[in-house]
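The block underneath contains the structure these notes are about, expressed in structure tokens.
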There are 2 protein chains.
Amino acid sequence: MNTTSEQTAAEMPDVSELLCFSIYSAGHAFNQLYRPMLDEIGLTYPQYLVMVALWSRDGRTVKELGELLFLDSSTLTPLLKRMEAGGLITRTRNLQDERQVLLHLTAEGTALKQRAASVTGCIGDAIGIDADTALKIRTAIDALRDSIHKRRR
Amino acid sequence: MNTTSEQTAAEMPDVSELLCFSIYSAGHAFNQLYRPMLDEIGLTYPQYLVMVALWSRDGRTVKELGELLFLDSSTLTPLLKRMEAGGLITRTRNLQDERQVLLHLTAEGTALKQRAASVTGCIGDAIGIDADTALKIRTAIDALRDSIHKRRR
DNA sequence: GGCGATTTGTTTGTGCGCGATCTAAATAGA
DNA sequence: TCTATTTAGATCGCGCACAAACAAATCGCC
């Protein structure tokens, strides 16, 4: 008996027993649940998250948005360009610091919030759990995520 | 007061309050946690899940694998081809039903299990939660995912 | 002021992930 | 038997997601 990788074949758990797989597949399920509703307002799921972030506070920088969504600028730049091309947001350099790009909602982007509100409501109905249970799950997962991020530093 | 989308601006929750976002970002965190370890054995995270599935039962069809992992053939076919090119698995048509493709581990693919065992162990240490808590989270998320899948039928 | 280090965002290349569409094999029915 | 339907995979197009490499602006420090 030792602590190296010389383990018996029986020690590899089934894929369905991995916590990471539960989260992985639940993420896909949410994506698929949102897709048809978001299709109707012309958003992808990550774009929807960007809009939610900007609806709550307009004029963020790419970096701020990335820290909020845990996404890299190399993911956000093309995504934001597509949203700009779609007329939802504007991307302008900050005149006080030309390194930064400021993100602002257009009138169209702001107006979309009303239509998106019903999507958010539908999701709540669809997942079929009460707010208290949802909060408990969310708290546990957020703690897990933050713990992982901490260990990656 | 009515039940249409005419809601006040205040009703859109912050992105960090969305359960779907917690799962979305935790999924990314897991992916980033696994990546450096899986890099060393030449696997991506979805490829690792395929390997775990085949280590527990070899000779699955693409369809069976897709049902287990909740992935479409349009995702799996190219992924499995890359794994075949990498010498981890073989893809052969089932002679009893030529529509099916059987997936079998190569000697190299089987051998990789030993090295992967330490990865799975490292993850357990890294996330820093006890098995009981992990099981509770997993059960809740799995129920959520299945509930979503049920409503999409 | 000048210059190296840091910060911010972009580009590039690779690999998912999925809807839509297609092909071939198997099956069901008349 | 012969055709219609179903099933299993493959292909295509698009949009993430991220590492690595890059460019430009700013900061720190003299």
Side-chain angles (χ1 to χ4, degrees), chain A residues 21 24-40 42-51 60-67 69-86 88 91-103 149 152, chain B residues 21 24-40 42-51 60-67 69-86 88 91-103 149 152:
Chain A
F21 174 70
Y24 167 84
S25 56
H28 293 166
F30 263 115
N31 201 325
Q32 289 169 35
L33 175 64
Y34 270 98
R35 188 187 301 273
M37 286 178 268
L38 291 177
D39 270 353
E40 294 189 11
L43 290 175
T44 66
Y45 179 58
Q47 287 171 11
Y48 168 73
L49 295 178
V50 169
M51 292 304 284
R60 294 181 196 264
T61 66
V62 173
K63 181 178 175 58
E64 286 166 356
L65 188 61
E67 284 170 351
L69 302 182
F70 303 100
L71 290 175
D72 197 87
S73 69
S74 57
T75 297
L76 287 173
T77 295
L79 188 156
L80 294 168
K81 282 187 175 180
R82 280 187 287 273
M83 293 176 71
E84 184 184 34
L88 296 174
R91 296 163 62 247
T92 54
R93 290 280 166 182
N94 183 350
L95 294 182
Q96 273 66 54
D97 185 342
E98 294 268 353
R99 289 173 304 183
Q100 300 180 340
V101 168
L102 299 177
L103 307 170
H149 280 142
R152 276 174 38 80
Chain B
F21 175 70
Y24 168 85
S25 56
H28 293 165
F30 263 116
N31 202 322
Q32 290 168 35
L33 175 64
Y34 271 96
R35 186 187 302 271
M37 286 178 269
L38 291 178
D39 270 352
E40 294 189 11
L43 291 175
T44 65
Y45 180 57
Q47 286 172 12
Y48 168 73
L49 295 178
V50 169
M51 292 304 283
R60 295 180 195 264
T61 66
V62 173
K63 181 178 176 56
E64 285 166 356
L65 188 62
E67 285 170 351
L69 302 182
F70 303 102
L71 291 176
D72 198 85
S73 73
S74 58
T75 297
L76 287 174
T77 296
L79 187 155
L80 294 168
K81 282 186 174 181
R82 281 187 289 271
M83 293 176 72
E84 184 183 36
L88 296 173
R91 296 163 63 248
T92 54
R93 290 280 168 182
N94 184 350
L95 294 180
Q96 272 67 54
D97 185 342
E98 294 268 351
R99 291 174 302 183
Q100 301 179 341
V101 168
L102 298 177
L103 306 171
H149 280 143
R152 277 174 37 80

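Throughout, a chain's letter reflects where its sequence line sits, starting with A, and its residues are numbered from 1. Just the heavy atoms: all of them, side chains too, but no hydrogens, waters or symmetry mates, feed the values below.
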Distance-only, no hydrogens or angles: does the A:Arg35 side chain make a donor-acceptor pair with backbone N or O of A:Thr44 under 3.5 Å?
no
Expressed in angstrom and rounded to an integer, what is the separation of A:Leu103 atom CG from C:dT10 atom C1'?
14 Å
What are the two closest non-hydrogen atoms of A:Pro46 and A:Leu79, and how far apart are they?
CB-CD1, 3.7 Å
Would you call the rings of A:Tyr34 and A:Phe30 parallel, tilted or perpendicular, where under 30° means parallel and over 60° means perpendicular?
tilted
Are the side chains of B:Lys63 and B:Gln100 in contact, using a 4.5 Å heavy-atom criterion?
no
Each nucleotide of nucleotides 10-15 of chain D classed B (base within 4.0 Å of a protein heavy atom), S (only sugar-phosphate) or -, in 5' to 3' order, makes BBB--S
Specify the residue among A:Thr61 and A:Asn31 whose closest nucleotide of DNA chain C lies further upstream toward the 5′ end.
A:Thr61
Taking the side chain as every heavy atom from C-beta outward, state whether A:His149 and A:Phe70 have any atom pair closer than 4.5 Å.
yes
Here the distance between atom P of C:dC16 and atom CG of B:Asp39, to the nearest Å, is 12 Å
Verify side-chain contact (heavy atoms from CB on, under 4.5 Å) between A:Val50 and A:Leu103, making sure each step is shown before the conclusion.
CA-CA 10 Å; A:Val50 169; A:Leu103 307 170; 5.7 Å; no
How many Å lie between NE2 on A:His28 and C1' on D:dC16, as a whole number?
11 Å
State whether A:Gln100 places a side-chain N or O below 4.0 Å from either non-bridging phosphate oxygen (OP1 or OP2) of C:dG9.
no
To the nearest Å, give me how far apart CG (A:Leu102) and C1' (D:dA25) are.
14 Å
For A:Arg99, does its backbone N or O pair with a side-chain atom of A:Arg93 as donor and acceptor, under 3.5 Å?
yes
Separation of atom CZ in B:Arg35 from atom P in C:dC16, rounded to whole Å
10 Å
Measure up the A:Tyr48 and A:Tyr45 rings against each other and bin them: parallel (under 30°), tilted (30 to 60°), perpendicular (over 60°).
parallel
Rounded to whole angstroms, how far apart are CG on A:Leu71 and C1' on C:dT10?
16 Å
Value in whole Å for how far the P atom of C:dG19 lies from CD of A:Glu40
15 Å
How would you summarise protein contacts on nucleotides 22-27 of chain C per nucleotide, using B for base, S for sugar-phosphate only and - for none, with heavy-atom distances below 4.0 Å?
---BS-
Do the side-chain N or O atoms of B:Tyr24 get closer than 4.0 angstrom to the phosphate oxygens (OP1, OP2) of D:dA17?
yes
Protein-nucleotide distance (A:Met83, atom CE; D:dC16, atom P), rounded to Å
9 Å
So, do A:Asn94 and A:Val101 sit near enough that their side-chain heavy atoms are less than 4.5 Å apart?
no
